[in-house]
Chemist: 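Encoded as structure tokens, here's the structure I'll be asking about.
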Amino acid sequence: MNTAAQSIWDTPGDTPLIDPLRLVGVDHNAAKVETREQISFQLDELDSLLVKLRADLGLREIVALSTCNRTEFYWVADSEPSVADFFDALGNKQAPATIEALSYQYRGPAVAAHLFRVVSGLESMIVGETQIHHQVKRSYEIARHAGASQACFNVLFQKAFEVAKTVRSDATLKLYRASVPGAAVQLAQAVFDTLASASIVVVGTGDIAEVTLKEMRDAGARNVTALSRQPEARTAWAEKNHIELGDLESLPGRLAGADIVVTCVGTDESVVAAAHIGRRDRPLLIFDLGVPRNVDPDVSEIEQVYLHNIDDLRGVANRNRARLQSEIERAEAIIDKALAAYVNECRAANAGTTIRDFRANAEAIATDEFQAVLTRLDHLSDKDKEEVRRLLSRVVGKIVHPPTEAMREASKQGDGHATILWARRILGLHKE
């Protein structure tokens with residue numbers, strides 16, 4: 001964990017919707033794909049993982065995310081579980097000390113700042129890629145339906161999706177045209193003069209596969225085949241993408257005539273092994289975009305076979321990042337502004353309970369006093385009695401208004417906790 005993150009982790013706050021936020025994660029910046037695949041999990045494992053983490057670690061809220069770039073746990077608890085506690089739940093093979101050394105940990109506003117950047121694609125290896133938005137949203141929805149995302153995270157994640165939408169809706173931003181498959185296509189174009197005559201096989205039918213098809217076709221590819229483990233269940237996907245979908249079992253036979261293979265399957269087992277590839281008399285370019293990896297690393301030992309995993313795309317990613325630096329800075333400015341507004345909104349909400357209690361208490365006193373003198377107002381008409389009641393209500397409103405505005409403003413400035421504690425004492429709302 002870097003020094004800046006450490007200082008944020010140790011800084012106390014005073015905002016109930018923000019202060020309890022915690023995050024621990026490992027991503028592509030510190031961990032190679034060999035490590036990331038050992039701490040990854042599939043989406044269909046998420047429900048049971050959330051149940052296990054909440055029960056074992058006593059978490060009030062938890063959202064877990066696993067993509068090709070990162071594994072992250074967003075959580076709220078009354079205790080402070082260790083880094084190892086989270087990754088041990090995945091049954092990873094890495095020693096706890098190794099994982100902790102590779103991890104980053106944030107708390108409070110820093111969690112919100114990181115999530116806003118992640119959902120907006122600024123923390124991705126391929127900066128600006130849009131798949132991460134859908135991946136985070138799916139993970140959040142699973143947590144929400146499981147009851148693992150409640151007050152803190154329902155507010156935080158909805159805000160993060162709004163921020164990402166705002167960033168991308170800026171018509172002048174050209175940042176969000178990048179993708180992991182796009183980087184693979186750039187490398188393929190560096191090897192083949194044209195993709196129009198290349199025989200291409202895409203293994204998978206998820207978001208990455210869909211983007212791969214689009215990127216390949218945009219680059220001029222005409223001979224593209226898609227394979228799935230369950231082709232009978234993917235008819236709609238095939239029709240949507242205007243492609244014939246083959247069975248994954250046919251992959252070994254298709255490899256012989258392939259020039260480019262892209263794998264992006266959610267599985268813990270290799271789908272391409274060295275035994276599937278015979279002797280080659282021409283190059284075979286394989287892009288393994290899966291985490292865990294879909295292709296046995298031994299495949300790279302075969303002559304004329306060039307295997308690239310997702311980390312091998314870092315060179316393209318770095319060139320894209322340098323080229324888009326000014327766009328990245330503009331996106332970051334939008335996120336910084338949104339983060340400041342979010343923190344202020346949460347701080348203002350911190351005063352809400354006390355303001356409601358204060359107003360209710362004042363109105364109750366006015367009502368009691370009105371009822372106490374009501375019998376002495378028999379000489380007044382019902383209309384005049386109602387006017388007296390309204391007068392008391394206006395007086396209450398004018399008395400209550402300045403303190404409530406002061407509490408709201410104090411919350412926005414970050415000192416709302418101390419102010420509200422004193423306000424509750426002074427206004428007779430304090431309870432031991």
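This chain uses plain numbering: 1 for the first residue, then up along the sequence. Quick caveat: nothing in here was measured; it's all calculated off a predicted structure.
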Chemist: Taking Thr67 for its side chain and Asn69 for its backbone only, find out whether a donor-acceptor pair lies under 3.5 Å.
Modeler: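 A pair under 3.5 Å: yes.
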
Chemist: For Glu327 and Leu324, indicate whether the former's side chain and the latter's backbone hold a donor-acceptor pair under 3.5 Å.
Modeler: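 Between the backbone of Leu324 and the side chain of Glu327 there is no qualifying donor-acceptor contact (under 3.5 Å).
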
Chemist: Using side-chain heavy atoms (C-beta onward) and a distance below 4.5 Å, is Glu72 in contact with Glu123?
Modeler: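 Side chain of Glu72 against side chain of Glu123, heavy atoms only: no contact under 4.5 Å found.
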
Chemist: Within the 3.5 Å criterion, strictly below it, is a donor on Asp259 or Ser199 matched to an acceptor on the partner's side chain?
Modeler: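 No pair is found: no donor N or O on one side chain lies under 3.5 Å from an acceptor on the other.
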
Chemist: Between Asp27 and Asn29, does any side-chain donor sit less than 3.5 Å from a side-chain acceptor?
Modeler: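 A donor-acceptor contact under 3.5 Å links the two side chains.
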
Chemist: Say whether, by atom type as modelled, one donor and one acceptor occur between the side chain of His276 and the main chain of Ala273 under 3.5 angstrom.
Modeler: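 Checking the backbone N and O of Ala273 against the side chain of His276, a donor-acceptor pair under 3.5 Å is found.
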
Chemist: Ile260 and side-chain contact (heavy atoms from CB on, under 4.5 Å): which single residue from Val191, Leu187, Leu195 fits?
Modeler: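 Exactly one option meets the side-chain contact (heavy atoms from CB on, under 4.5 Å) with Ile260, and it is Leu195.
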
Chemist: Give a yes or no on whether the backbone of Ala256 and the side-chain of Arg280 come within a donor-acceptor separation of less than 3.5 Å.
Modeler: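 Judged by distance alone, yes, a pair lies under 3.5 Å.
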
Chemist: Can you tell me how far apart CZ (Arg222) and CD1 (Ile200) are? Round to the nearest 0.5 Å.
Modeler: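 Rounded to the nearest 0.5 Å, the CZ-CD1 separation comes out at 10.0 Å.
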
Chemist: Are more than 12 heavy atoms, taken from residues, nucleotides or ligands other than Asp44, located less than 6.0 Å from that residue's CG atom?
Modeler: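 Yes, the 6.0 Å shell around CG holds more than 12 heavy atoms from other groups.
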
Chemist: Using a 6.0 Å cut-off, check whether atom CD of Glu269 has over 12 heavy atoms from anything other than its own residue.
Modeler: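 No, not enclosed.
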
Chemist: Decide yes or no on side chain to side chain contact (heavy atoms under 4.5 Å, CB included) for Ile277 and Ile286, but give the supporting numbers first.
Modeler: CA-CA 12 Å; Ile277 303 174; Ile286 302 179; 4.0 Å; yes

Chemist: Main chain of Ser82, side chain of Asp85: is a donor-acceptor contact present, judged purely on distance under 3.5 Å?
Modeler: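 Checking the backbone N and O of Ser82 against the side chain of Asp85, a donor-acceptor pair under 3.5 Å is found.
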
Chemist: Just by distance, do the side chain of Asn154 and the backbone of Gln150 share a donor-acceptor pair under 3.5 Å?
Modeler: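 Side chain of Asn154 to backbone of Gln150, a donor-acceptor pair under 3.5 Å: yes, one is there.
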
Chemist: Look at Lys165 together with Glu162 and state whether they make a salt bridge at an N to O cut-off of under 4.0 Å.
Modeler: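 Glu162 and Lys165: not salt-bridged.
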
Chemist: Is the ring pair Phe87/Phe73 parallel, tilted or perpendicular, if the boundaries are 30 and 60 degrees?
Modeler: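 Judged by the thresholds at 30° and 60°, the geometry between Phe87 and Phe73 is perpendicular.
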
Chemist: Taking atom CD1 of Ile132 and atom CD1 of Ile126, what is their separation to the nearest 0.5 Å?
Modeler: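 Rounded to the nearest 0.5 Å, the CD1-CD1 separation comes to 13.0 Å.
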
Chemist: Classify the ring geometry of Phe153 against Tyr74: parallel below 30°, tilted from 30° to 60°, perpendicular beyond 60°.
Modeler: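 Perpendicular.
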
Chemist: For the side chain of Ser103 and the backbone of Val24, is there at least one donor-acceptor N/O pair under 3.5 Å apart?
Modeler: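 Not at all, since once roles are kept as given, no pair shorter than 3.5 Å links the two residues.
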
Chemist: Which label fits Tyr342 and Phe116: parallel for a plane angle under 30°, tilted from 30 to 60°, or perpendicular past 60°?
Modeler: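 The rings of Tyr342 and Phe116 stand perpendicular, inter-plane angle above 60°.
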
Chemist: Determine the sole option in Gln135, Arg138, Gln131 for which the side chain to side chain donor-acceptor pair (under 3.5 Å) test with Asp207 is passed.
Modeler: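 Single pass found, and it is Arg138.
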
Chemist: Would you check if the side chain of Asn309 reaches a backbone N or O of Asp312 as a donor-acceptor pair within less than 3.5 Å?
Modeler: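 At least one qualifying donor-acceptor pair exists.
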
Chemist: Would you say Arg36's side chain and Cys68's backbone share a donor-acceptor pair under 3.5 angstrom?
Modeler: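 Yes, Arg36 side chain to Cys68 backbone: donor-acceptor pair under 3.5 Å.
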
Chemist: Checking Thr71 side chain against Ile39 main chain: does a donor-acceptor pair fall under 3.5 Å?
Modeler: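 Yes, the answer is positive, given that a donor and an acceptor are paired below the 3.5 Å cut-off.
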
Chemist: Charged N to carboxylate O below 4.0 Å: is that the case for Arg279 and Glu303?
Modeler: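 No salt bridge links Arg279 with Glu303.
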
